[in-house]
Amino acid sequence: MIDRFGRPIEDLRITLTHVCNFKCFFCHMEGEGDSFYGVSRQGIVNVAKVSREFGVRTIKLTGGEPTLRRDLFEIIGDLSSLGFEVSMTTNGFLLSDLAGKLKEAGLSRVNVSLHGSDRNSFKSITGVDGFSKVLDGIRNAISVGLKPVKVNIVVTKRNLANVEATISLVDSLGVDEIHLIEMHPVGLGKNAFDSHVFLYDLESKLQKISIKKEIRSKHMRPRYVMPSGMVIEVVKPYANPLFCAGCNRIRLTSDGKLKTCLYREDRTIDISNILDKGDIAEPMIRSAFEIAIAIREPNFKYKL
Ligand SMILES: Nc1nc2c(ncn2[C@@H]2O[C@H](COP(=O)(O)OP(=O)(O)OP(=O)(O)O)[C@@H](O)[C@H]2O)c(=O)[nH]1
Ligand code: SF4
Ligand code: SF4
């Protein structure tokens with residue numbers, strides 16, 4: 001089903017928890033408030049089932065750090081048996097132990113964040129001495145057959161100087177794709193732009209060394225195919241009307257709201273009280289989806 005701006009809803013992004021074992025200075029917590037533990041397993045299943053009727057086919061699990069959610073394997077199992085492609089975005093700290101079990105549970109693919117090319121740069125951004133553990137996690141994700149394995153690099157003034165080294169390192173690990181991400185100036189108050197970097201310069205370098213350019217329908221993201229075959233996707237989500245024009249997602253927040261846009265607190269529908277309430281849950285969730293599609297709009301728009 002499409003919204004008033006011709007955009008289908010195909011992807012459900014679920015915040016499983018706000019708990020995290022890292023302290024990245026740019027963390028936007030999916031633009032949500034302070035609820036720590038996400039909605040119940042049954043509530044998630046109910047929302048997912050209804051979302052299928054509206055066209056959702058893929059589910060992204062996020063946080064906080066989703067691997068800290070105790071019933072993660074059960075939730076992945078439920079969602080993949082409903083026929084969804086289930087992927088997860090993680091900081092990778094626990095992946096060296098968990099990748100095999102996640103794959104067995106039904107996870108298709110994984111995005112792992114790696115914001116530095118060495119122990120110190122990694123620690124200065126995440127607040128945790130976890131560089132080699134995350135590298136092990138990435139290697140393990142590849143070896144158990146999660147595919148594609150993508151690595152997220154949020155580019156800021158703190159790591160700009162070693163982004164190219166991080167890209168080379170990631171390429172040498174055999175990763176399928178990199179997301180080069182422009183920092184969201186969200187939730188950082190008046191310091192929001194202190195560390196912000198535009199990606200134009202990096203992108204023009206990629207353009208020169210790539211062997212092919214593609215545009216992904218999701219968020220109209222440009223993708224550059226490197227000589228090794230690895231793809232680098234440039235994610236410029238802020239003040240980018242093209243990005244919003246290709247937005248195909250809806251969110252379930254950790255406190256049980258359907259959220260139509262990352263940036264819009266006023267475009268949410270609170271379904272926390274009915275999410276797992278037996279027979280009334282599904283019809284009520286269905287109405288919430290209808291409302292969500294009716295009020296959904298691109299956050300950044302061209303003014304013609
Ligand atoms: N504005 C905005 N930014 C988003 C949205 N979804 C993802 N992003 C940005 O994209 C980055 C990468 O997100 P991921 O969760 O790793 O991946 P994904 O965007 O779901 O994409 P795939 O896994 O490639 O399908 C995030 O850190 C955000 O900066 C969205 O709906 N709106
Ligand atoms: S790992 Fe993700 S959720 Fe955790 S602090 Fe960093 S950006 Fe936030
Ligand atoms: S409409 Fe909102 S959620 Fe969608 S891409 Fe734009 S800012 Fe992100």
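Counting starts at 1 for both ligands and their atoms, following the listed order.
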request  = State whether C261 contributes an N/O/S atom found under 2.8 Å from atom 2 (Fe) of ligand 3.
outcome  = yes
request  = Quick one: look up the protein heavy atom nearest atom 5 (C) of ligand 1 and list residue, atom name and how far away it is.
outcome  = R249 NH1, 3.6 Å
Heavy atom of the protein closest to atom 7 (S) of ligand 3 (residue, atom name, distance) = Y263 CD1, 3.3 Å
task = Could you tell me whether R267 approaches ligand 3 through its side chain, its backbone, both or neither, with non-hydrogen atoms closer than 4.0 Å?
result = neither
task = Please state whether F243 comes within less than 4.0 angstrom of ligand 1, counting heavy atoms only.
result = yes
message = Both conditions, 6.0 Å and 45 degrees, for the charged tip of R52 above the ring of F84: are they met here?
response = yes
task = For atom 16 (O) of ligand 1, find the nearest protein heavy atom and state the residue, atom name and distance (0.1 Å precision).
result = N152 ND2, 2.7 Å
note = of all protein heavy atoms, closest to atom 4 (Fe) of ligand 2 is C20 SG, 2.3 Å
request  = Answer yes or no: is there an ion pair linking R286 with E53, defined by an N-O contact shorter than 4.0 Å?
outcome  = yes
key: atom 24 (O) of ligand 1: the protein heavy-atom neighbour that sits closest, reported with distance to 0.1 Å   = K150 NZ, 2.5 Å
Under-4.0 Å heavy-atom contact with ligand 3, by part of H219 that carries it = side chain
remark   = Nearest non-hydrogen protein atom to atom 1 (S) of ligand 3, with distance, is N299 N, 3.5 Å
ask   = Please state which protein non-hydrogen atom is closest to atom 19 (O) of ligand 1 and give its distance, to 0.1 Å?
value = R221 NH2, 2.6 Å
message = Taking S121's backbone N and O only, do any of them form a donor-acceptor pair with D118's side chain (distance below 3.5 Å, no angle check)?
response = yes
query = K259: heavy atom below 4.0 Å from ligand 3, yes or no?
reply = no
request  = Classify the ring geometry between F54 and F289 as parallel (under 30°), tilted (30 to 60°) or perpendicular (over 60°).
outcome  = parallel
task = Take every heavy atom of G64, measure it against each atom of ligand 2, and state whether any distance is under 4.0 Å.
result = yes
ask   = Tell me: protein heavy atom nearest atom 6 (Fe) of ligand 3, and distance?
value = C244 SG, 2.4 Å
inquiry  = Taking ring pair (Phe, Tyr, Trp, His ring centres under 6.0 Å) as the criterion, tell me which of Y263, F26, Y238, F193 meets it with H184.
reply    = Y263
inquiry  = Can you report which non-hydrogen protein atom sits closest to atom 30 (C) of ligand 1, along with the distance?
reply    = R251 NH1, 3.7 Å
ask   = For atom 17 (O) of ligand 1, which protein heavy atom lies nearest, and how many Å away is it?
value = N111 ND2, 3.1 Å
inquiry  = With clusters defined by side-chain heavy atoms of hydrophobic residues (ILVMFWY) lying less than 4.5 Å apart, directly or transitively, does I291 cluster with I285?
reply    = yes
task = Report yes or no: does a heavy atom of V235 sit under 4.0 Å from some atom of ligand 1?
result = yes
inquiry  = Salt bridge or not between R139 and D136? Use side-chain N to carboxylate O under 4.0 Å.
reply    = yes
Side-chain ion pair, E10 and K218, N-O less than 4.0 Å = no
task = Would you mind listing which atoms of ligand 3 come within a distance below 4.0 Å of any non-hydrogen atom of R7?
result = 1 (S)
query = Among the clusters formed by ILVMFWY side chains lying less than 4.5 Å apart, do I153 and L160 turn up in the same one?
reply = yes
remark   = for atom 29 (O) of ligand 1, nearest protein heavy atom and its distance come out as H184 NE2, 2.8 Å
query = Which residue owns the protein heavy atom closest to atom 12 (C) of ligand 1, what's the atom, and how far is it?
reply = I181 CD1, 3.7 Å
message = Checking a contact table here: which protein heavy atom is nearest atom 8 (Fe) of ligand 3, and how many Å away?
response = L262 CB, 4.3 Å
